[in-house]
Structure formats: C-alpha cells, structure tokens
S.K.: 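Mind having a look at this structure? Questions to follow.
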Amino acid sequence: MDSIEEFSNKQLLTNKLPDFEAVELQVLHPDYLKVMLIYAAIATFIPAAAFVAAIFLVEDAPLLLPIGLPILLLYMLFVFAGVIIGFKRRGYAIREHDIVYRSGFLSIKTTIIPFNRVQHIALHEALFPRMFKLAGIQLYTAGDESNDLSIDGLPKDIALRIKDLLASKIQGQ
C-alpha cells in the first residue's frame, strides 16, 4: 500500500446487498425421497423391534402398551414427516462463483460455499442411493469440517458433471 489515503473500507448498506434467496434452486431427484424413507424405516424399525421385544420379555408388558405405543407412534410420525418435509425443502444452485445448498425440517439452513474455499471434491455412492442410480458430492473446504458441504440425491451423471465443473473451477483459480 503506497499511502494510507488509498485505503478504503466503505460501509455496505444491507438493503442494497444481493438476495441469495432469489436464486432458483434445483430440486433433488424424486427417487432420493425413496432412499430417505428407507433410511427412516431402518431408524424406526430398531426402536419398534426393541418395544415389541420388551413386550414379550417383560413381565409387566401390559403396563408398557398405553405409554410406550403412543410414544413410539409419535416418534415414527415425527421421523417420516421430517423426511418428507425436509426433502421438499432441499435444493441446490451453482452460480458463477459459488454453490448454494438449502436443507432442513424444523429449521432451514442455507450454505453458500465460494469456489475459492473448496480444497477437494469427492463423489459418494452409498448402497441405497446407488440402487436408484443416485450419488452425492462432498465439498471439502479450507478450515474445519463444519464448513464442508454434502449434496446427496443427485443423478449420478449430474453429480459427475458438477464434480468436473467444480474441479475445473477450483483448478482455474
């Protein structure tokens, strides 16, 4: 810096900032809802099986039914409603300089990762998504793990194209 007079740090007015929510998000593949429901079924099967086993193994089983069954049913309802509502709120967008991802059920989280923060990109193909020809991409950023971004539920060909695009963007910086 040649002189202190060249320094500038102007205030930005919040009402003049661009609205990131104005971006049109791409939805995840509809088959990913099926994958999420499979995971939810597994997550609810374990407590349900434990409850049924307890009814047969515990001597005072009739006492468990009026309390345990409504709790189990509410848990299952909450898990499946969370999956369905959460799926509808998920979306992503790739812009010139960053990638945007939104998700959530009770609270909605929007993550924006600038390409210049991406250190590494990985393609993930888990068992159930692979059955539906779906994949996910994981963006590893500079800093700690909490800044990483994972977008699952993409058709594999789209995930590969996004991975290639992002790899070329971060290599060209």
Side-chain angles (χ1 to χ4, degrees), residues 19-95 98-113 117-141 143-163 166:
D19 183 10
F20 75 87
E21 291 182 349
V23 68
E24 185 177 333
L25 298 176
Q26 300 290 312
V27 296
L28 302 179
H29 194 279
D31 283 345
Y32 190 59
L33 177 59
K34 296 173 188 172
V35 171
M36 294 174 67
L37 289 171
I38 290 169
Y39 290 140
I42 292 168
T44 57
F45 174 78
I46 294 168
F51 181 72
V52 170
I55 288 175
F56 288 111
L57 297 175
V58 174
E59 216 172 282
D60 297 330
L63 299 174
L64 291 175
L65 281 173
I67 298 168
L69 189 59
I71 291 172
L72 180 63
L73 292 175
L74 281 173
Y75 168 73
M76 294 172 81
L77 177 68
F78 185 76
V79 168
F80 283 98
V83 165
I84 293 167
I85 294 168
F87 176 79
K88 292 178 182 180
R89 292 187 178 161
R90 290 177 187 240
Y92 69 96
I94 300 171
R95 304 189 296 183
D98 57 27
I99 186 164
V100 179
Y101 182 66
R102 184 184 66 206
S103 64
F105 166 49
L106 294 178
S107 64
I108 297 175
K109 177 182 179 181
T110 302
T111 304
I112 302 172
I113 305 280
R117 301 291 294 164
V118 177
Q119 298 290 312
H120 174 70
I121 307 157
L123 182 78
H124 294 282
E125 296 180 79
L127 175 65
F128 295 121
R130 194 171 54 239
M131 293 168 60
F132 294 95
K133 296 181 176 59
L134 300 175
I137 56 169
Q138 175 83 31
L139 282 69
Y140 298 93
T141 59
D144 61 21
E145 290 178 11
S146 66
N147 295 327
D148 294 344
L149 175 64
S150 181
I151 303 175
D152 297 311
L154 302 169
K156 185 178 177 183
D157 62 325
I158 300 285
L160 285 168
R161 286 193 297 194
I162 292 172
K163 181 181 183 269
L166 296 177

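All values below come from the heavy atoms of this structure, side chains included, with hydrogens, waters and symmetry mates left out.
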S.K.: Taking the side chain as everything from C-beta on, heavy atoms only, tell me whether L134 gets closer than 4.5 Å to L154.
M.R.: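 Of all side-chain heavy-atom pairs linking L154 with L134, none is under 4.5 Å.
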
S.K.: How long is the gap from CG on L72 to CG on L74, to the nearest 0.5 Å?
M.R.: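 Separation between the atoms: 9.0 Å.
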
S.K.: What side-chain donor-acceptor pairs closer than 3.5 Å can you find for residues 32-52, not counting sequence neighbours?
M.R.:
unit_1 : atom_1 : unit_2 : atom_2 : d
K34    : NZ     : D31    : OD1    : 3.1
T44    : OG1    : A40    : O      : 3.0
T44    : OG1    : A41    : O      : 3.2

S.K.: Mind checking whether Y101 and I113 have side chains closer than 4.5 Å, heavy atoms only?
M.R.: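 No. Closest side-chain heavy atoms not under 4.5 Å.
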
S.K.: Side chains of R90 and R102, heavy atoms from C-beta outward: is any pair under 4.5 Å?
M.R.: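 No, side chains not in contact.
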
S.K.: What are the two closest heavy atoms between A135 and K156, and how far apart are they?
M.R.: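 In this case the closest contact between A135 and K156 is CB-CA, 4.1 Å.
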
S.K.: Could you report the tightest heavy-atom contact between G104 and R89, atom names first, then the distance?
M.R.: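 For G104 versus R89, the nearest heavy atoms are O-CD, 3.5 Å.
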
S.K.: Quick one: do I162 and I94 satisfy side chain to side chain contact (heavy atoms under 4.5 Å, CB included)? Show the steps, please.
M.R.: CA-CA 9 Å; I162 292 172; I94 300 171; 3.6 Å; yes

S.K.: What pair of heavy atoms forms the shortest contact from F105 to A81, and how long is it?
M.R.: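 Heavy atoms of F105 and A81 come nearest at CE1-O, 4.0 Å.
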
S.K.: Surrounding CD1 of I67 (heavy atoms of other residues, nucleotides or ligands, distance under 6.0 Å), is the total greater than 12?
M.R.: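 Atom CD1 in I67 is not packed in, count stays at 12 or less.
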
S.K.: About how many Å separate OH of Y140 and OG of S150, when rounded to the nearest 0.5 Å?
M.R.: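 Answer rounded to 0.5 Å: 8.0 Å.
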
S.K.: Sort and list the pairs that fulfil side chain to side chain donor-acceptor pair (under 3.5 Å) and have at least one residue in residues 57-75, not counting sequence neighbours.
M.R.: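 Counting only pairs at least two positions apart or across chains, no side chain to side chain donor-acceptor pair (under 3.5 Å) contact touches residues 57-75.
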
S.K.: Do V100 and T111 have side chains that approach each other closer than 4.5 Å (heavy atoms only, starting at C-beta)?
M.R.: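 When only atoms from C-beta onward are counted, T111 and V100 do not touch, as no gap falls below 4.5 Å.
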
S.K.: So, taking the atom named CD1 in I158 and the one named NE2 in H29, what distance separates them when rounded to the nearest 0.5 Å?
M.R.: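 It is 9.5 Å, given to the nearest 0.5 Å.
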
S.K.: Verify side chain to side chain contact (heavy atoms under 4.5 Å, CB included) between L28 and I151, making sure each step is shown before the conclusion.
M.R.: CA-CA 9 Å; L28 302 179; I151 303 175; 4.2 Å; yes

S.K.: Nearest heavy-atom pair of T141 and Q119: which atoms, and what distance?
M.R.: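 In this case the closest contact between T141 and Q119 is C-CG, 3.7 Å.
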
S.K.: Can you tell me which residue among I99, V23, L149, D98 is in a side-chain contact (heavy atoms from CB on, under 4.5 Å) with I112?
M.R.: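 Single side-chain contact (heavy atoms from CB on, under 4.5 Å) partner of I112 among I99, V23, L149, D98: D98.
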
S.K.: For residues L166 and V118, determine if any side-chain heavy atom of one lies less than 4.5 Å from a side-chain heavy atom of the other.
M.R.: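 They are not in side-chain contact.
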
